[in-house]
Amino acid sequence: MTRPLITEVDGGNSNSFIASDDVVFVAQLAAASNDETKLGERFHEMAAHHKDQFTFGIPISDDVEKNLLQCYNNIDGASFRTTELDTFASIETFVKKCSDPLIPELTRRNEMEYLSVCFPSSMRLE
Amino acid sequence: MTVVDQDKSGKSLVYYFSPSAGDRDKWKASNRPLARAYAQYLTFVTVDSAAYPEMVTGMGIAGGATGVGVSVSNPRMGQVFPMAKPVSEAAAVGALVQFITKISQGLIQPWGGVMQQSQEDSKSKDGELRDEL
C-alpha cells in the first residue's frame, strides 16, 4: 500500500503521526478567505518535491486564522514553526532549517559547507 | 590541500574524527545536547577518518586514516585546536565543554602544526601540543 502524499491527521493519531518519520511536516491551513499565501497549494508542491524524504500531514480541524507550518525533526529532537510562507523560497528555507541534521557527517556533497581546513604554516611531523 | 573558507556564518567547527560509523553515531548521540546548546556559535561535524586522512592530520589528530579525536577549527582566525583524549568515555562530554570554554577564554594556544608521533604522549614539547590539560 502506498502512503498518501499528505496524511490527514486527527487528534487521536497526531502524536503517533508526528513520531512516524525522521522529519515530519504539519501544515495548519487558514480558511480559504485568509489563505493569502496559498499555503495549501505550496504544501502540496512541497510534499510532491520531498515525498521520498519526509512525511507530510494536515490536521483535520477547524480552519485556523493564519497559516502555520510546523516541522518535527525526530532525529535531533527539535521542532520548528513558521508563518513566513509567502514564497516557495521561504518554505524551502524552512525545510532545510528543519531537516538539516544538527550534527552532520562530512561528505563530498557538503564539503563546501562544512570543510574548513587550516593548515598551520609550520606544520611538520616529529 | 586548498584552504576553504567555509564559515560564512562566522561559526567555529567542532570535528569528531573516527573511521568507525558506529563510533561517530555514538558520539553524535552523546553530544547532541551540547551541539544544540552551542548551535548559535558552533557547528558540530563528524568525519570519517578513512575518507579524509589528510584532514585528520591537518587538524592535529594523529593516526591519519585511523585517527580518532576531536579538533576545533576557527576558520576566521585560521586556528586549529586539537583536543587531548578524555580520561574516560563518561568524561568525554564534560571534557569537551571545558575545552570549548577554555578556547573561548583564550586559555588554549592554537595548534602550531607540530604533530607528535605518539598519541599517548601527553607531555608537550615547547607547549605546542595539547597543553590545555
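What you see is a predicted model; the values in this text were computed from it and never measured. By convention in this document, chain letters (A, B, ...) are assigned in the order of the sequence lines, proteins followed by strands, and residues within each chain are numbered from 1.
Remark: B:K28 NZ to A:L102 CG distance equals 10.0 Å, nearest 0.5 Å. Note that CG of A:L106 and CZ of B:F17 are 8.5 Å apart. Values are rounded to the nearest 0.5 Å. Atom OH of A:Y114 and atom CG of B:L13 lie 9.5 Å apart (nearest 0.5 Å).
Enclosure of atom CD in B:Q40 is not indicated, since only 12 or fewer non-hydrogen atoms of other residues, nucleotides or ligands lie within 6.0 angstrom. By the neighbour-count criterion of 12 heavy atoms within 6.0 Å, atom CD of A:E8 is sparsely surrounded, having that number or fewer from other residues, nucleotides or ligands. Atom NE2 of A:H44 has 12 or fewer heavy atoms from other residues, nucleotides or ligands within 6.0 Å. Residue-environment remark: CZ (A:R109) stays at or below the threshold of 12 foreign heavy atoms within 6.0 Å.
Residues B:V68 and B:F81 fall within the same hydrophobic cluster, defined by Ile, Leu, Val, Met, Phe, Trp and Tyr side chains chained together at heavy-atom separations under 4.5 Å. Hydrophobic clustering of Ile, Leu, Val, Met, Phe, Trp and Tyr side chains at less than 4.5 Å, counting indirect connections, keeps A:V26 apart from A:F94. Under the 4.5 Å side-chain contact rule for hydrophobic residues, A:F80 and A:Y72 do not share a cluster.
The side-chain heavy atoms of B:T43 and A:E113, taken from C-beta on, include no pair separated by under 4.5 Å.
Taking every heavy atom of both residues into account, A:I103 and B:W27 meet most closely at CG2-CZ3, 4.2 Å. When all heavy atoms of B:V45 and A:E105 are compared, the pair lying nearest together is CG1-C, 4.5 Å.
In this structure, chain A has a heavy atom under 4.5 Å from the side chain of B:R24, while its backbone stays farther away.
Between chain A and the options B:A39, B:A35, B:A51, heavy-atom pairs under 4.5 Å are most frequent for B:A35.
Checked by atom type, the side-chain pair A:E111/B:Y52 shows a donor-acceptor distance below 3.5 Å.
Using a cutoff of 4.0 Å between basic side-chain nitrogens and carboxylate oxygens, B:R36 and A:D76 are not scored as salt-bridged.
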